[in-house]
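First up is the structure itself, then whatever we jot down about it.
Below, each value reflects all heavy atoms present in this structure, side chains not excepted, and no hydrogens, waters or symmetry copies. In what follows, chains carry the letters A, B, and so on, assigned in the order in which the sequence lines appear, proteins first and then strands, with residues in each chain numbered from 1.
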There are 2 protein chains.
Amino acid sequence: MSIIKTGKVPRVRRSPEAARENILAAAERLLVAQGPQALKLADVAAEAGIANASVLHHFGSIDEVQTALMERMVADLVARILAVSEVGAEPSPAGAQTLFDAFEAPGVARLAAWLEMTGEAKRMTMVRGAVQKVVARLSERTLMTPAEAEDLIMASVVLAMGVGLFGRALSTLMGKPAGHTRDLAMALLVKHVAHPSSWRGGD
Amino acid sequence: MSIIKTGKVPRVRRSPEAARENILAAAERLLVAQGPQALKLADVAAEAGIANASVLHHFGSIDEVQTALMERMVADLVARILAVSEVGAEPSPAGAQTLFDAFEAPGVARLAAWLEMTGEAKRMTMVRGAVQKVVARLSERTLMTPAEAEDLIMASVVLAMGVGLFGRALSTLMGKPAGHTRDLAMALLVKHVAHPSSWRGGD
DNA sequence: TTTATTATTGACATTTTTATCAATAGAGCC
DNA sequence: GGCTCTATTGATAAAAATGTCAATAATAAA
């Protein structure tokens, strides 16, 4: 054929678990960098450095790769959120900080948008258990009633998701420093906790 | 061919504008109901009740259909947001109400997720002009400095987007009535305005 | 009515994406 | 070494999605 020896590269043979991990990691990189539309069979295989057929051998179909990735990322997110309830007794800045960190981890915005779009928002029920734990911790360790704790969590999640999804874009749009949207949101949260007087002012 | 007369349906001939409108409306219905992955050429054509080739005749490619839809929906959203500055002099509940309404209109969540994912968040610059108008109105008519007005807008947008995207899911998840997340968010906003003392508590 | 224009369409072609399959080749075990 | 198991792969098929084109038929204008 050619003068250049193609130098037959030895195959890498992984355990099934390692192979799946390799594939999912590749898929996650693609999702974070380019969004779900980049999760084509050929793209994932290329990113993982293996043949298309190998991906199918371990997952059966590209859809199952996507499902598995979604579940993995949701599980990771839940784990990080759960870490919030480990921080301290008070629902103060430290906790909020950790929560916002959890939602700003690379790819969470993409994951959220992906979930929203795939209609698989039902998968959010995976979060239920975690949320209940956090609520329990809060009302255990503070003076808040469970209802108050629940509201605080909901407010935190809404804010953190909003910041995670649109914080960067908003800061840029308004010509503010990068973390400004986040700081603002955390200030809102702190103020919320600091002024329980008007607690039920909403409905 | 067959005993059954296929009854040759007369063609509908639209003006180019009406044809484009018909197609975009169909595409929007699909987007809202099923997400962007449903915006296939065949699907859009079927929903619009015309042949695939007709879609291509008016838009050239399915990508241009998607781009046009995106632009249309962003423009609509901007118009609704702009309406906020028409409401009243004070940045109080009425304004927030309108803003939240704008973000909870059917499909906005899908649009936002879509924008986030397509990387075309750059298109968010379309919003810049509108935002500047709102900021100007606010600092004109109230005692707020421009910086304060900007922060209020940013907070409102983050909250409204968060509620628009995850409000329903969150309320369900926590076993609360449908509008609870929204009420909570609006309460946060009101509290923010009511306690300017800790205004700069964030950074 | 006749003609010109062009929106509309079905049939077909092209491209893209996914899936199948038989053969190859690591790795542990005898 | 020889053997088994199976992860891996290239070639190929199948399916899905997009786009092309020439013919058809509404509609307005002459």
Going by the rule side chain to side chain donor-acceptor pair (under 3.5 Å), which residues pair with A:Ser156 if we only count those two or more places apart in sequence or in a different chain? none

Ordered by number, residues from residues 13-21 of chain B within less than 4.0 Å of DNA chain C (heavy atoms) are B:Arg13, B:Arg14, B:Pro16, B:Ala19

For A:Gln34, all residues meeting side-chain contact (heavy atoms from CB on, under 4.5 Å), sequence neighbours excluded: A:Leu30, A:Ala38

Grab the NE2-C1' distance between B:His57 and C:dG10 for me, whole Å please. 16 Å

Salt bridge (Lys or Arg N to Asp or Glu O under 4.0 Å) pairs touching residues 10-23 of chain B, sequence neighbours excluded, are B:Glu21-B:Arg72

Quick one: B:Arg11 CZ to D:dA23 P, roughly how many Å, whole number? 14 Å

Mind checking what makes side-chain contact (heavy atoms from CB on, under 4.5 Å) contact with A:Ile62, not counting sequence neighbours? A:Leu41, A:Val44, A:Val65, A:Gln66

Both B:Gly60 and B:Val12 contact DNA chain D. Taking the nearest nucleotide for each, which residue is further toward the 5' end? B:Gly60

Looking at B:Ser54, does any N or O in its side chain come under 4.0 Å of the phosphate oxygens OP1/OP2 on C:dT9? yes

Write out all pairs satisfying salt bridge (Lys or Arg N to Asp or Glu O under 4.0 Å) with one or both partners inside residues 41-60 of chain B, taking only residues at least two apart or from two chains. B:Arg29-B:Glu47

Roughly how far apart are A:Glu104 CD and A:Arg182 CZ, rounded to 0.5 Å? 4.5 Å

Can you sort out the partners of A:Ser171 under side chain to side chain donor-acceptor pair (under 3.5 Å), two or more places apart, ordered by chain and number? A:Thr181

Whole-Å gap separating P (D:dT18) and CZ (B:Phe59): 15 Å

Among C:dT20, D:dG19, C:dT9, which nucleotide has an atom closest to any side-chain atom of A:Leu56? C:dT20

To the nearest Å, give me how far apart CD1 (A:Ile62) and C1' (D:dA16) are. 15 Å

Test side-chain contact (heavy atoms from CB on, under 4.5 Å) applied to A:Val32 - qualifying residues, sequence neighbours left out: A:Glu28

Of residues 30-53 of chain A, the positions that come close to DNA chain D - non-hydrogen atoms, cut-off under 4.0 Å: A:Ile50, A:Ala51, A:Ala53

